[in-house]
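Before any comments, here is the structure.
Here, residue 1 is the first one in the sequence, and each next residue gets the next number. Just so we're clear, the structure is a prediction, and the values are computed from it rather than from any experiment. Quick note: numbers below take in every heavy atom, side chains included, and nothing from hydrogens, waters or symmetry partners.
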Amino acid sequence: MSQSIFDQYDIFKTMHPVKIQVMKELAEQMQGKAMKDAAPLLMAATSKLKSHNLSFSPEESAVLLEILTKDMNPQEKAKVEMMKNVIRKQRK
């Protein structure tokens with residue numbers, strides 16, 4: 001049996017259980033889907049966290065993105081990187 005990707009990151013040892021559950025659900029929902037289908041799922045995950053007065057830290061978001069993009073081809077990963085850069089610029 002292969003090790004869960006969530007067992008490969010130390011961050012999950014100290015993360016709030018609700019955050020872990022939301023992240024696992026999101027990863028499961030995204031499996032086999034294109035990144036263009038991610039927006040509604042990400043919005044739903046964010047709303048669920050907000051209902052618990054929680055949000056992902058930048059470090060947690062980075063791990064989530066790594067998990068969601070692990071099976072993508074290089075072109076899809078490049079698109080995700082472009083989106084990340086646009087978001088970073090908008091925050092400044």
Gap between atom NE2 of His16 and atom CD of Gln21 - 0.5 Å precision: 12.0 Å

Sequence neighbours excluded, every pair satisfying side chain to side chain donor-acceptor pair (under 3.5 Å) that has a member inside residues 41-50: Glu25-Lys48

Within 6.0 Å of NZ in Lys79, more than 12 heavy atoms from elsewhere: no

Closest approach of Met30 to Leu41 (non-hydrogen atoms, all atoms of both residues): SD-CD1, 3.4 Å

Shortest non-hydrogen separation from Ile67 to Ala27 and the atoms involved: CG2-CB, 4.1 Å

Lys19 side chain vs Leu54 backbone, donor-acceptor pair below 3.5 Å: no

Residues Leu68, Leu42; criterion side chain to side chain contact (heavy atoms under 4.5 Å, CB included); working and verdict: CA-CA 11 Å; Leu68 294 178; Leu42 289 168; 4.3 Å; yes

Check against side chain to side chain contact (heavy atoms under 4.5 Å, CB included), Val63 and Phe56: CA-CA 10 Å; Val63 169; Phe56 289 128; over 6 Å; no

Qualifying residues under side-chain hydrogen bond (donor to acceptor under 3.5 Å, both in side chains), relative to Asn53, sequence neighbours excluded: none

State which residues pass side chain to side chain contact (heavy atoms under 4.5 Å, CB included) with [X]; sequence neighbours excluded, sorted by chain then number.
X     : answer
Ser57 : Glu59, Glu60
Asn73 : Gln75, Glu76
Ile20 : Phe12, Met15, Lys24

